[in-house]
Amino acid sequence: MKSYDHKKIEKKWQTFWDKKKTYQASNKSKKPKYYSLIEFPYPSGDGLHVGHPRPYIGMDVISRKKRMQGFNVLYPIGWDAFGLPTENYAIKTGKDPRVVTKANTDTFRRQIKSLGISFDWSREINTTDTKYYKWTQWIFLQFFKKGLAYKKRMMINWCPKDKIGLANEEVINGACERCGTTVEKKEKEQWMLAITKYAERLYKDLDDVDYLPQIKLGQRNWIGKSEGAEIEFEISGLGHPNRIKVFTTRPDTIFGATFLAIAPEVAKKLTGKDFGIKVDTDRENKEKIGADTGLTAKNPASGEMIPVFVVNYVSADYGTGAIMGVPAHDDRDFEFAKKFNLPIKQVVAAVSKSTVPQETPRDGVPHVDRDAVMCIVKHWEKDEYLCLQWRNHPSIHSMVSGGIEKGEDLIETGKREIQEEAGYTSAKFVRQIGGFSFIYFYHQMKNNNTLARFRYLYFELQNGEQVPISKEENDKLITFWKKKDEVYEFLSIVERDLVWNGFLGKIKEATYTGGGLLVNSGKFDRMESEKAKKEIINFVGGKEKVTFKLRDWIFSRQRYWGEPIPVINCGECGLVPVPEKDLPVELPKLTGKMKNYQPTDTGESPLAHIEKWVNVKCPSCKGKAKRETDTMPNWAGSSWYYLAYCMSKKGFSGSASFENWKLQIENFRHFMPVDWYNGGNEHTTLHLLYSRFWHKFLFDLKLVPTSEPYMKRTSHGLILAENGEKMSKSRGNVINPDDIVKRYGADTLRLYEMFMGPFDQTIAWSEEALIGPRRFLERVYNLQYKIKKNKKYSEFEVEKTIKKVSFDIENMKFNTAISTFMIFLNEVGKLDFISRDVYEKFLQLLSPFAPHITEEIWFNLGNKNSIHLSIWPSFDENLIKDEEIKVVVQINGKVRAEMMIGVEEKEEEVKNKACKNSGILKYLAGKDIKKVIYVKNRLINIVL
RNA sequence: GCCGGGAUGGCGGAAUUGGUAUACGCGCUAGUCUUAGGAACUAGUGGGGCAACCCUUGGGAGUUCGAGUCUCCCUCCCGGCACCA
C-alpha cells in the first residue's frame, strides 16, 4: 500500500499531459467552443508569488469542468512583457531588456507549469515578440488611417522619476501609479487615441454583457455620461453683445441661477484679462476662489441680471467651461455663494407623501393646491416644543399646522392655528425657517387629494396663557411638550426631515439637490422637475446635450521598451504611416554605441538619439524623413491579445496585412467572444475599457465578428501576506509557490487557494491552514485501498455532491464546493468502504481542483484515458430525494423539537404530529394555539 | 464629501436568499497508537448555568409567527471616485 507522494505524481502527469496534448484547443473542432481567459501576467523579476495563481486556478477549475462537459475549451496564456519595471531593471543592471524578459518569462513559465494548470501552451504569446507587435503596430495604423490616432500638443502628467508621460488613469492621487512620485505637468506633443468617439457605445453596450455589477458601475462612472443641456446667457459689459454657453444637468433650476461661473481660460478668452485664478487639481485644497469679471449676464428664464464670476472650480475642458450658479441646489455653488454673498434662491421643493394608508392619494377625487404653514412653537419657560398627535391616527406625529385662509399672511395663520389647536395666545413670531416643501395627501374630511405647499415658522410663547380649545379640536388632537432631542424621534417621517433639517440643526445648512416640484419659477411653479427640465430647455432656447467625463487616451510614452509608433515624420508630406509591408518597425538592437537608452529629462524618447534608426526615407516622397520616436504604452499589447490566441500559427507569424488578418476571421469566429474573463478589479477602467474600445473599432472595420470581446467578466480577490500586508519583494513577505509545491504539492496549494475563502474576496495567506487540504488529499488517496467491489455505498451522498459541486463551480463558490467534498469524505469514512463507481464519480468531481492526484488514482483504478477527458458526472434527482425528512418544531419561533415526517405528508398530518410530539406537549399545556405556520419539509411554528 | 462592498466562535469562513445560526477547515482539549512527536486516528469544542433553560451574527430601533438575511438610524473597516456642473 503506497502512500501519497506528491513529488512523483505531479511531475509524472504534467509530462504525460504535455505529451498527449491533453489541453490543446482545436481551431477545427465540431464540439461547442468555450473560451476562458485570465489576464496574462506581466513577468516581473520578482517571480511568481502565491497570489498570482489564484485566478489561474479558479478559471482552471471552470475550464476543466467545461472540457469534461464536452466543450472545445480554449484556455490560453502568454506574457504582457513590455513595460517599465523590466526596462528600469535592465538599465540598472546594464542588461538588454530582451534578455531580462526572456529570463523572467522562463521563470514564470516554469512556476506556472508546476501548478498543473490546463493552459494550452501551444498558443503562448509574448507582446515583445516582433511577430506579435507587428500586429499591434498594424492595428495602430488602422486607428491612424481612420483619424482616431492623432497628435496633440497638451499638458501631460509627467513622472520625473520614471521620466514618462502618464495617462489620466495612471495617476493616483496626483502621484505616479507605479512609483508613487508626485506627477508634474509638462507641455508635450502626444499621440492620442480617440476613445471618446466610442464613449456612448462603451457605455450603452454594457447592458448586453454579463459583468459583475460593480465592474459595470465602475466603467459607467469612469465614462461618466451625463445628460443635460447647453443654454446661452446674453452678457453685457464687454462693449459688444456676446453670449456665454453653459452646460447644466439641471435646467429645471435655472430660475435659481443667481450668477454665472466660468473657467479661468474661458474668462481670459472672453475678456483678454487674466484674473489670477487657477483651477487646482490638488485634492486637499478645495477652497472656492473666484473673482468678479465685472460682466453681467441675463438669466434667460427670469430675466434677472446676474454677475459673472471667474472661479477655480469650473474646468475649461469639461462641458462648455461655464456653468450657471444655482446655490440653492448645488453644493459647490452654495459654498461659493456663501463666500461671495450672492443670493440663494430656492426653486425646487421636495414632495413628501403621507405614510398613513388612509391619507395615500387616491384616484377619482378632485385635486386641490393649498398653501400652508407649520409652526415650531417653543415653551415659555423650558426648552421644549409643542407636538401634536391625532387621536384617531396615533401614528401621525406632527406640529401645529394649517392652511392659509384668504387675506391672511403667514404669521397670522401661524398664530391662529396655535390658538385653535393648542389654545395658546402669546405666540411671538421669531423667524421663518428654510424654504418651501410639499406634502401630498388624501384629505379625509374634504375628500380630495391635497398638494400642500408648506413654509415653516418659528414662534416662542411668552407665557402659558390659554383659551379653551373647541370640542372639535380637542377630540381630534393630543398635545405634548417634547425636549429638543426628542422631537426628531417623535415626528413622523414626513415632517421629520423638513422640520429638523431647517431648525434643529442636526444636518448643517445645506442645499437640496433632489427632484420635486418647482417654486419661485413663474409659470413653471408646481411642475414636476423632470418634466420642467424639458420644458425649460425649450423655453430658454437651449439644446439637449450629453457630456462624458471620459477623455481621449494619451497613447505615447517616451521610453525604449515598448512598441515603436509606426509613423514617419516627413517635412514635405507630414505624418506618413509606415507601409504594411515594412512592419514590424523593430526596436533598434542594443549593440555597440546604441547601448544608451535611458529616458531623458526633456521628455524626449531615448530612441530619438539613435540616428541610424531615426533617419529614414519618406515612404511617400522618398525624401529625408524621421521616424516617430515615441513608443506605445504597455496597454497596447494587451488590448487585442485575446484575439492573438485564436489565430493560426501560420497566420500569426505571416506578414501584417489586411488580407492576412482577414484570413484569421474564421478563427475568431470559431472562438470569439471570450465566454468568461476573470481578472483584477484594478483594470476595470484601464485594460478592460481599452480593449473593449479596440475591439469595437476592429468590429467597425469588420475585422472581428462580435461587437464586444468578453461575454462575462468576474474578478478575484488579492492574497495578502500573513500579517495582512500586500505581498512584495520590498516588504520581504513574499510566499513563493515553489516552496509550497515542494513541501505540500501543487494539488494541496490549488485546493487551499480555492478553499481559503470566497474567490472574490481579499484574504491573508495562512501557512497553518494549508495542512487541512493536505490531510484531505491523503484521505482521498487512501480511499483507493478501501474499494469494495460490486457494492453501492454512499450513492446517495455522491449524487448530492455532484449537484452541489456542479452548481458551486459555475458560481465560483469554490470554497463551499471543497467543503462539500470534505463532508462527503467524512460520511464515507464512517462506512470504511466505498464502491468503485461512487469513488470514480467523486474523483471526477475533484479532478478540476486536484488534477494530479485524481489522475494518478484514476489510472491506478485501471482507467486507460485521462480523467480530465472523461465525462462530467450527471446526477439523478430521484436518487437525491429523501423518503423521510427532518422538520423542526418551533413554539413562538423557538426550536423546541425535531421530528421525522414523510416527504409527501400533508400539512394537517404534520401539524397533528407536531402537537402530539412529546417534547412539545409540555409547552402546549393550558395554552391556546393561536396560529400554526408550516413551511413544507422544513419547519412548523406553533404560535401561542 | 460621493458611490460601492463588508462586520458572524480563538482564526479563515458556511447559511438552500425570510425558515434549525456557527457547515467545512485551522487551532485548542482529552484519549488511542507510538521510543518519541510539531505525525496519524477517535471524541469534544460559541457563551452562561448543577439543571430546566437563557443569551449570541458591530450597536440601537422597526416590520414579521419567524430576521445574520428586509427597513430606518449610528459606529467601525476595506475598495473606487473626487470640484465632472
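Only this structure's heavy atoms are used, side chains among them; waters, hydrogens and symmetry mates stay out. Here is the naming used below: chain letters follow the sequence lines, and residue numbers restart at 1 for every chain.
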N/O (side chain, A:Lys894) to phosphate O (OP1/OP2, B:rC55) under 4.0 Å | yes

Report yes or no: do A:His716 and A:Asn678 form a side-chain donor-acceptor pair below 3.5 Å?
-> yes

Classify the nucleic acid contact of A:Val943 as base, sugar-phosphate or nothing, counting any heavy atom under 4.0 Å across all strands shown.
-> sugar-phosphate

A correct dot-bracket answer for RNA chain B, with pairs being Watson-Crick or G-U at under 3.5 Å, [ ] for crossing pairs and | for inter-strand pairs, is (((((((..(((......[....)))((((((.......))))))(((....)))..(((((..]....))))))))))))....

Do you see a donor-acceptor pair shorter than 3.5 Å between the side chains of A:Tyr318 and A:Ser226?
-> yes

Sugar-phosphate only, base, or nothing, as touched by A:Pro213 at under 4.0 Å among non-hydrogen atoms = nothing

Ignoring hydrogens and angles, state whether a donor on the side chain of A:Ser715 or A:Asp760 is under 3.5 Å from an acceptor on the partner side chain.
-> no

Passing candidate, side-chain contact (heavy atoms from CB on, under 4.5 Å) with A:Leu718, options A:Lys726, A:Met727, A:Arg54 = A:Lys726

When you check the phosphate oxygens OP1 and OP2 of B:rA85, does a side-chain N or O of A:Tyr318 lie under 4.0 Å from one of them?
-> yes

Using a cutoff of under 3.5 Å, can you pull out all pairs of nitrogen or oxygen atoms linking the protein to nucleotides 38-42 of chain B, with atom names and distances?
unit_1 : atom_1 : unit_2   : atom_2 : d
B:rA40 : OP1    : A:Arg775 : NE     : 2.9

Compare side-chain N and O positions of A:Gln761 against OP1 and OP2 of B:rG13 and report whether any pair is under 4.0 Å apart.
-> yes

Below 4.0 Å: OP1/OP2 of B:rC24 and any side-chain N or O of A:Lys804 = no

Between A:Thr762 and B:rC78, does any side-chain N or O lie under 4.0 Å from OP1 or OP2?
-> no

May I ask you to say what A:Ile942 touches in the nucleic acid, namely base, sugar-phosphate or nothing, with a heavy-atom cut-off under 4.0 Å?
-> nothing

Base of B:rC83 paired with side chain of A:Lys288 (donor-acceptor, under 3.5 Å) = yes

Trace of the side chain to side chain contact (heavy atoms under 4.5 Å, CB included) decision for A:Val266 with A:Val314 | CA-CA 10 Å; A:Val266 174; A:Val314 171; over 6 Å; no

Does a side-chain N or O from A:Asn681 land closer than 4.0 Å to OP1 or OP2 of B:rG5, or not?
-> no

Donor-acceptor pair between A:Asp333 and A:Tyr313 side chains, under 3.5 angstrom | yes

Considering heavy-atom distances to RNA chain B, does A:Asp330 or A:Thr816 have its closest nucleotide positioned more toward the 5' end?
-> A:Thr816

Given B:rA52, is OP1 or OP2 found less than 4.0 Å from the side-chain N or O atoms of A:Arg896?
-> no

Select base, sugar-phosphate, or nothing to describe what A:Ser766 touches, counting heavy atoms under 4.0 Å on all strands.
-> nothing

Looking at A:Tyr923, does any N or O in its side chain come under 4.0 Å of the phosphate oxygens OP1/OP2 on B:rC53?
-> yes

A:Gln890 side chain: which of B:rA15, B:rU20, B:rC3 is closest?
-> B:rU20

A:Asn312 vs B:rC83: side-chain N/O to OP1/OP2 distance below 4.0 Å = no

